Amino acid sequence: MPDLSKFVARPIHLTATATLQSNSQQGVNAIALKNPSGEAMELLEIKWRLQIDYSSSLGAAIALGGAVACKLDLGNYPLTNGFVPVWSFGRGENVANESNYLYTPAAVADVVRDEYRWRLPRPLYVPAGAVVMATFQNLGLIQPAITLQVSYSARSVARSPKKVFLPYASCYASKPLNALAADSDQSSETDLGNPFDEPLHLQRFTGRVLTTASGYLVETGGAEYSAYLTRVRMSDSFGRPIIRSLIPFRNAFPAMSRSWELDGAVMDPRSYFNVYLSKNAPSETYTVPFTIQCFVGLVGHRAVNG
Amino acid sequence: MSAPFCVGTEVSTLAAGQTIQPNVDQLCSPFRDPVWIDEIAFATKYVTNNTSSPLGAIRCKLNMGRIQLTGSRADGGFIPLYNFGPLIQALNVETETTTNWPTTPRPTISYARWRLPRPLLVPPGSMVQPVLSRDADSQSGNAWVAISYLGRYCEPGFRMPKEIAVPWVSLWAPSLASTASAQSSELDLVNPFDRPLHVQRLIGRVRVTIAGAITNGPQAQVVAGTLVIKDSLGNNVVRDFSGFTDIFDGPRSAWTVGSVLAPRERYNLTIQDFSGYTSPQLTVSMVGWRKERVA
């Protein structure tokens with residue numbers, strides 16, 4: 001019997017890489033995401049890095065977080081509701097630096113690199129030999145292939161816990177809304193739901209707005225005008241108003257964090273949220289058409305017996 | 001279960017020099033139950049793209065019935081929107097100009113967010129009433145302002161406590177147009193209550209007008225002068241005159257203090273060497289919370 005009084009948690013970092021062609025789906029090397037010491041660990045944080053070669057037709061700031069989605073599973077336990085855009089997991093803590101244009105040596109193409117992270121609501125216990133499997137989907141919003149890296153920040157653990165806290169993330173991605181006229185969309189019952197028999201303790205709603213104009217995919221640099229045009233309302237499956245009336249998108253999901261932090265809120269078992277989006281026809285005059293796509297993410301955790 | 005809760009309202013006709021109260025019906029809980037408010041979010045839009053920082057020109061006063069959440073000596077309790085919470089993103093995320101955007105005219109859109117130091121429990125039938133004002137800022141057109149409260153419904157069977165934690169923001173806004181130095185008074189950053197005030201942070205923001213545009217960027221911060229701070233017992237908080245941006249650093253524009261002011265105690269601020277451009281505005285807010293009895 002090991003002397004647990006002398007146990008010291010060690011940090012663990014695991015990384016896997018893949019290249020996703022447009023409109024494709026691919027997993028990553030599972031061995032690269034397994035604790036090499038063969039011991040159990042606690043997963044604390046997941047980080048994604050997305051990169052494409054620079055192209056003048058796409059610009060120097062591309063919202064790749066809305067172009068790539070990730071599905072996570074721990075054995076038979078789903079950690080996501082299918083594929084969730086990688087920018088819909090975490091809070092936007094440094095929005096200006098999420099997308100960066102990187103100069104490289106003359107013989108190598110410059111790149112655009114986006115980075116996102118998700119600090120799990122509670123550490124996730126990963127038993128010895130188990131892997132949190134990550135599968136990715138390129139949503140086909142841009143033509144070039146996207147190189148991605150997924151990294152797990154974890155630490156070793158001495159013993160298995162009595163309760164395991166499983167994170168869960170889901171996302172509602174609206175249809176592209178026509179910016180030239182009034183438009184609307186609504187989520188379905190399976191988008192933002194708690195499919196489990198346990199309550200879901202909510203960490204946050206995330207709110208992202210992807211604007212497509214002249215081939216550019218942007219979330220900043222003037223694109224907040226799209227968020228200004230969009231109104232959102234939300235109710236739950238009991239008919240209770242969550243967002244009582246149509247309010248500006250960024251007043252429900254503040255721009256300063258790209259999220260609505262929900263520490264303490266709980267979602268009933270087998271319930272869901274309905275999101276209603278309404279876009280006004282703008283008073284300003286357009287010189288170039290553009291479309292708006294809104295992403296509302298739901299992130300939380302549930303407890304199961306260890 | 002404690003479900004999320006969000007209400008909001010907006011006004012689109014806030015002219016320069018005007019004060020307006022939004023439709024408060026939209027800011028009430030639809031049920032006669034208490035709710036928690038964790039965060040207040042603001043969004044603004046100016047008509048044209050020549051405004052770099054409207055968040056200092058648009059102000060908000062908040063009160064919940066007889067309980068005030070904001071106070072300022074000279075401004076009737078109106079606090080600039082960027083003095084509620086720290087700067088947690090880059091300045092060009094806080095205020096987004098739409099220079100390259102395909103519309104005419106190109107608006108300026110800004111955001112502010114106040115994560116309350118303690119969640120505010122709003123009793124049944126009550127609401128937090130905002131009043132919005134805009135300085136005579138010489139920018140064209142009406143401003144659009146939206147305010148929202150984000151929080152949670154209380155659990156079924158929740159019993160109202162006898163006392164609640166109420167957030168508080170007070171302001172010192174010296175007049176620096178004709179002088180390069182100023183001192184706060186005993187009515188500025190003071191605890192006006194008969195109970196201790198838990199001070200979470202001090203927020204320092206500065207903006208100046210350069211070539212017709214209002215900016216709170218690095219140019220404004222450079223001219224912000226030096227500051228010394230004492231408390232009302234004569235203790236040195238900042239002993240020697242120190243750069244404004246040494247105290248309220250650029251990345252956050254805030255100093256998380258974590259102190260307690262006894263009843264009627266205050267912080268005294270003296271600023272000097274402020275060499276601003278046209279229409280300088282320097283504001284220091286004190287954000288905290290105190291206990292209040294509820295009926």
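Keep in mind that what you see is a predicted model, and the values were worked out from it rather than measured. Scope of the values below: all heavy atoms of this structure, side chains included, with no hydrogens, waters or symmetry mates. Letters A, B, ... are given to chains in the order of the sequence lines, protein chains preceding strands, and every chain is numbered from 1.
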Worksheet item: Among all residues two or more places apart in sequence or in another chain, which pass the side-chain contact (heavy atoms from CB on, under 4.5 Å) test with A:Tyr54?
Response: A:Ser56, A:Ala60, A:Tyr101, A:Asp110, A:Val112

Practice prompt. Would you check, one step at a time, whether the test side chain to side chain donor-acceptor pair (under 3.5 Å) holds for A:Asn274 with A:Tyr172?
Written response: CA-CA 10 Å; A:Asn274 287 312; A:Tyr172 154 61; over 6 Å; no

Worksheet, complete the sentence: Heaviest contributor of heavy-atom pairs below 4.5 Å to chain A, chosen from B:Gly151, B:Ser148, B:Ala112, is B:Ser148

Discussion item. Taking B:Arg152 first and then B:Asp38, would you say they form a salt bridge - that is, a charged N and a carboxylate O separated by under 4.0 Å?
Written reply: yes

Discussion item. Is B:Trp144 in contact with chain A via its backbone, its side chain, both, or neither, using a 4.5 Å heavy-atom distance?
Written reply: side chain

Worksheet entry | Close contacts, residues 250-262 of chain A versus chain B, judged by heavy atoms under 4.5 Å | A:Arg250, A:Asn251, A:Ala252, A:Pro254, A:Ala255, A:Met256, A:Ser257, A:Arg258, A:Trp260, A:Glu261, A:Leu262

Discussion item. Taking side chain as everything from C-beta outward and backbone as N, CA, C, O, which of these in B:Glu39 sits under 4.5 Å from a heavy atom of chain A? Side chain, backbone, both or neither.
Written reply: side chain

Worksheet item: Highest number of heavy-atom pairs under 4.5 Å with chain A: which of B:Ile88, B:Leu87, B:Ile147, B:Thr9?
Response: B:Ile88

Practice prompt. Could you label the plane-to-plane angle of the A:Trp118 and A:Trp48 rings as parallel, tilted or perpendicular, counting under 30° as parallel and over 60° as perpendicular?
Written response: parallel

Item to complete: Check whether A:Ala179 gets within reach of chain B through its side chain, its backbone, both or neither, counting any heavy atom under 4.5 Å.
Response: neither

Worksheet entry | Shortest non-hydrogen contact between B:Leu14 and B:Arg134, atoms and distance | O-NH1, 2.9 Å

Worksheet item: B:Phe42 pairs by ring pair (Phe, Tyr, Trp, His ring centres under 6.0 Å) with which of B:Phe84, B:Tyr82, B:Tyr111?
Response: B:Phe84

Fill in: Side-chain H-bond candidate by donor/acceptor type, B:Thr19 with B:Ser133, under 3.5 Å
no

Worksheet item: Side chain, backbone, both or neither: which part of B:Ile40 has a heavy atom under 4.5 Å from chain A?
Response: neither

Discussion item. Check whether A:Tyr276 forms a cation-pi arrangement with A:Arg233 (NZ or CZ under 6.0 Å from the six-membered ring centre, at most 45° off the ring normal).
Written reply: yes

Worksheet item: Do the numbers put A:Arg270 on top of the ring of A:Phe196, so that NZ or CZ is under 6.0 Å from the six-membered ring centre and no more than 45° off the axis?
Response: no

Practice prompt. Could you look at A:Phe273 and say if it's the side chain, the backbone, both or neither that has a heavy atom under 4.5 Å from chain B?
Written response: side chain

